[in-house]
Number of protein chains: 2
Amino acid sequence: MSKKTNIKNTSRTIRPSKTGGAEDAYTELPLDQILQGNCIELMNRLPEKSVDVIFADPPYNMQLKGELHRPDNSHVDAVNDDWDKFDNFSSYDDFSKAWLTAARRVLKDNGTIWVIGSYHNIYRVGATLQDLGYWVLNDIVWRKTNPMPNFRGTRFTNAHETLLWCNKGENYNKYTFNYDAMKALNEDVQMRSDWTLPICSGKERLKVNGHKGHSTQKPEALLYRVLLASTNKGDVVLDPFFGSGTTGAVAKKMGRHFIGLEKEEKYIRLATDRITAIDELEAEALEITPAKRAQPRVPFGTLVERGMIAPGTLLYSPKSSNGKQHIAKVRADGTLISDSSKGSIHQVGAALQGAPSCNGWTYWHLQVKEQLVPIDMLRQQIRQELH
Amino acid sequence: MSKKTNIKNTSRTIRPSKTGGAEDAYTELPLDQILQGNCIELMNRLPEKSVDVIFADPPYNMQLKGELHRPDNSHVDAVNDDWDKFDNFSSYDDFSKAWLTAARRVLKDNGTIWVIGSYHNIYRVGATLQDLGYWVLNDIVWRKTNPMPNFRGTRFTNAHETLLWCNKGENYNKYTFNYDAMKALNEDVQMRSDWTLPICSGKERLKVNGHKGHSTQKPEALLYRVLLASTNKGDVVLDPFFGSGTTGAVAKKMGRHFIGLEKEEKYIRLATDRITAIDELEAEALEITPAKRAQPRVPFGTLVERGMIAPGTLLYSPKSSNGKQHIAKVRADGTLISDSSKGSIHQVGAALQGAPSCNGWTYWHLQVKEQLVPIDMLRQQIRQELH
DNA sequence: CCTCCTCCTGAATCCGGCA
DNA sequence: TTGCCGGATTCAGGAGGAG
């Protein structure tokens with residue numbers, strides 16, 4: 001059982017045919033619509049080899065256990081939706097295999113598929129993609145500028161998600177990749193496999209009664225880059241896990257057609273309202289998040305790690321008016337130790353001077369051939385590499 | 001068939017025992033050595049649960065690429081393609097399963113394993129890790145500052161590799177993670193899951209007759225961060241695909257023990273020379289920022305006992321946003337009593353705030369000359385005495 | 001209108017020692 | 001093994017109010 005939801009009056013007429021089985025097959029693509037139901041059944045009703053690109057944001061199977069609080073004791077509103085629960089890896093794999101098989105049938109031979117995930121699920125999804133014959137073109141890392149920290153200090157901040165971009169096989173080489181558009185978007189340097197973008201928050205984040213409209217809404221900037229890279233104007237983009245409809249919103253804005261598949265009524269309502277309010281952009285499109293121009297932050301530890309300053313190296317302060325000079329030793333984790341204090345280059349510099357603060361980059365020097373050179377010189381080198 | 005290679009004169013004597021099978025078992029760990037042979041066989045000869053960390057840089061499945069094509073390189077239909085791919089990925093999976101199983105036996109229950117790979121193999125490796133019961137702690141993205149560009153403009157620049165960091169399972173929670181050292185290395189901001197480091201080039205890149213000594217030599221900075229994060233001084237690090245010996249070089253430098261497994265004679269020679277030339281850093285330089293949890297516990301009652309806080313003293317919470325401030329009185333046994341609750345400094349603090357927990361040391365303050373001073377100041381005094 | 005400050009929040013596999 | 005309980009733990013950015 002499934003029904004369709006029209007997004008705009010201009011959407012095409014649907015003619016389900018009764019031939020060939022219990023399910024109604026779409027003889028024509030239901031463009032710019034959200035179809036309600038199980039995405040596998042719905043995909044099987046679409047004509048084969050009919051869509052240009054698939055973007056899929058399947059459940060991540062997060063397997064969260066207890067409650068989590070921030071250090072200020074506030075409660076973390078985690079993803080604990082029923083749709084994210086699976087019994088075990090095996091049942092998750094069955095699910096992945098099923099929807100990716102249905103997706104493969106619908107995808108044009110020269111089409112491509114994007115799947116986004118986290119470490120909880122992306123390794124399984126990636127293996128399943130390969131098992132089904134999909135060919136990985138790139139794995140893309142979405143570096144979040146503002147991820148949630150690790151509140152308990154138990155792991156590295158989980159600061160990225162992964163997208164897999166695949167075509168239907170090694171020998172299908174005519175997929176769309178707008179190389180020059182990507183290069184232009186990246187200030188005339190080849191677009192890399194790591195994309196730095198903020199998470200979806202602020203005004204862009206859809207709310208219902210003051211609460212998140214969807215627990216995992218993706219930022220439009222992410223979809224913008226995906227669609228700009230891998231589709232042309234007028235292409236058809238299928239999203240089998242439509243959710244809050246970011247794919248549809250960006251597709252409409254960019255003059256692409258979308259087909260959204262979604263089980264839950266509440267998300268369909270949310271997405272429908274959202275997309276209805278959107279106007280298609282004129283020819284020239286804008287990147288929502290411009291590249292940051294600021295100088296990249298370089299921790300002092302980076303110099304140690306890279307072997308530019310070995311642990312055990314002595315650093316020297318400038319000689320003060322009374323001829324006194326401070327010395328500190330570099331430790332393995334990029335902190336300093338002096339006679340009387342330990343800590344960052346800034347902390348130790350401040351402590352030794354009895355000052356409230358200190359710029360360690362200019363205060364501390366290396367001895368190079370009987371000359372003192374500020375460690376800031378080394379930071380400049382690294383910043384040049386990071387360009 | 002395998003043999004060992006001593007790296008330094010001080011290495012311990014090895015006593016292979018003839019008991020229990022055709023293979024010689026090591027009754028003692030062959031520390032700081034490179035063992036020649038098949039890594040699975042070698043791992044099976046090591047004592048179980050004996051190494052603290054495994055770092056593995058397995059073949060990326062590029063070698064198998066030839067097998068992924070038909071011998072005549074003919075175009076393969078998508079559907080028929082499946083078995084072909086499956087068979088070949090399957091053999092890579094068998095290989096992964098075999099060495100990861102052997103690795104699991106050798107790894108201490110509270111040990112962790114790192115595996116590095118690219119999109120060609122990491123999704124398969126990740127799924128295999130999970131299938132074997134390993135629990136992913138983080139997936140780490142190594143962002144290369146200087147990756148090889150995509151010359152043909154057909155894809156995004158492949159600018160990263162992925163590391164998976166796992167422990168032996170969901171319930172093994174005592175793995176080593178030097179959170180504070182990582183934070184210090186990153187200038188007092190939590191270390192994230194994306195690491196920006198250059199590839200191995202220049203002087204660091206080992207050459208033999210003017211050519212690369214090893215085709216996939218990893219940068220020492222990468223191993224430095226891995227080992228600083230997940231090992232302590234004196235720990236044993238096993239690398240089953242030792243190659244050019246970056247793991248051993250960094251381990252030696254950092255005062256960790258290594259065990260290297262490697263099939264090829266030429267790489268063993270390369271790595272041996274390399275590691276021999278390396279000096280271990282001095283002890284003071286290897287010190288890192290200690291975890292607060294590692295500091296001696298001081299019961300609040302000690303302050304009362306020592307007369308630093310008299311029974312009857314009033315303690316004050318910080319003023320909250322609505323101007324409210326909680327007050328509690330110290331009792332003779334080091335518990336607090338307030339209007340509504342009694343108990344430890346933590347329990348009363350939590351109860352008064354209606355919070356799930358509270359660090360009483362930072363929550364409660366003494367009034368000293370019209371200023372509020374956290375009682376943690378007094379704990380610091382005691383800890384210094386204990387020094 | 002601008003600045004400053006406080007509050008809130010985000011796909012999270014989030015503690016550990018001891019009785 | 002379970003349960004108790006001490007006490008350690010966060011970054012970026014947007015919204016909104018105060019001044």
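Just so we're on the same page: letters track the sequence lines, and every chain starts at 1. Only heavy atoms go into these numbers, but all of them, side chains included; no hydrogens, no water, no symmetry mates.
The distance from atom CD of B:Q295 to atom C1' of D:dG7 is 12 Å, rounded to the nearest whole Å. Between the CD atom of A:E204 and the P atom of D:dG14 there is a distance of 11 Å, given to the nearest Å. If you take CG of A:N73 and P of C:dT9, they are 15 Å apart, rounded to a whole angstrom. Rounded to an integer number of Å, the gap from A:D72 CG to C:dT6 P is 14 Å. Separating the NZ atom of B:K342 from the C1' atom of D:dC5 is a distance of 19 Å, rounded to the nearest angstrom. If you take NZ of B:K183 and P of D:dA8, they are 14 Å apart, rounded to a whole angstrom.
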Dot-bracket line, read 5' to 3' along DNA chain C, where crossing pairs take [ ] and | marks a partner on another strand, Watson-Crick or G-U under 3.5 Å: .|||||||||....|||||
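Minimum heavy-atom separation, A:P240 to A:A56: CG-CB, 3.9 Å.
Dashed line: the shortest gap from a side-chain N or O of B:K292 to OP1 or OP2 of D:dT9 is under 4.0 Å. Considering only side-chain N and O atoms, B:Y179 lies under 4.0 angstrom from the phosphate OP1 or OP2 of D:dT10. Residue B:H346 has a polar side-chain atom (N or O) positioned under 4.0 Å from OP1 or OP2 of D:dG7. Side-chain nitrogen and oxygen atoms of B:S344 include at least one within less than 4.0 Å of the OP1 or OP2 phosphate oxygen of D:dG6.
Taking the P atoms as reference points, C:dG17 lies 14 Å from D:dT9, given to the whole Å. Using atom P as the reference point in both C:dA12 and D:dA8, the two lie 26 Å apart (nearest Å). C:dT13 and D:dG6 are spaced 28 Å apart, taking the P atom of each and rounding to whole Å. Annotation: D:dC5 and C:dC14 have their P atoms spaced 23 Å apart (nearest Å).
As judged by a 4.0 angstrom heavy-atom cut-off over every strand, B:Q347 is placed among residues touching the sugar-phosphate backbone only. Counting non-hydrogen atoms under 4.0 angstrom, B:R379 reaches the backbone sugars and phosphates but no base.
Two residues are said to be in side-chain contact when any heavy atoms from C-beta on lie closer than 4.5 Å; B:Y363 and B:H326 meet this criterion.
The distance from the CD atom of A:E265 to the CD1 atom of A:I34 is 10.0 Å, given to the nearest 0.5 Å.
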Nucleotides 10-19 of chain C: protein proximity per nucleotide (B base, S sugar-phosphate only, - neither; heavy atom, under 4.0 Å): BBBBBBSS--
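Geometrically, A:R124 does not engage A:Y92 in a cation-pi contact defined by less than 6.0 Å to the ring centre and at most 45° from the axis.
Classified by interplanar angle (parallel below 30°, tilted 30° to 60°, perpendicular above 60°), the ring pair A:H214/A:W83 is parallel. Relative ring orientation between A:W114 and A:W165 is described as parallel, the plane-to-plane angle staying below 30° on a 0-90° scale split at 30° and 60°. Note: A:F242 and A:F258 have parallel aromatic rings, judged against thresholds of 30 and 60 degrees for the angle between ring planes.
Map B:C358 and A:P71 each onto its nearest nucleotide of DNA chain D; the residue landing nearer the 5' end is B:C358.
Among A:R70, A:E67, A:H69, the one residue that satisfies the side chain to side chain donor-acceptor pair (under 3.5 Å) test with A:H75 is A:E67. When each of A:H160, A:K144, A:R143 is checked for a side chain to side chain donor-acceptor pair (under 3.5 Å) with A:T196, only A:R143 meets the rule.
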Salt bridge (charged side-chain N to carboxylate O under 4.0 Å, His left out) assessment of A:K97 paired with A:D94: CA-CA 5 Å; A:K97 196 168 172 180; A:D94 291 343; over 6 Å; no
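Regarding the sugar-base torsion, D:dT10 falls in the anti class, its angle being beyond 90° of 0.
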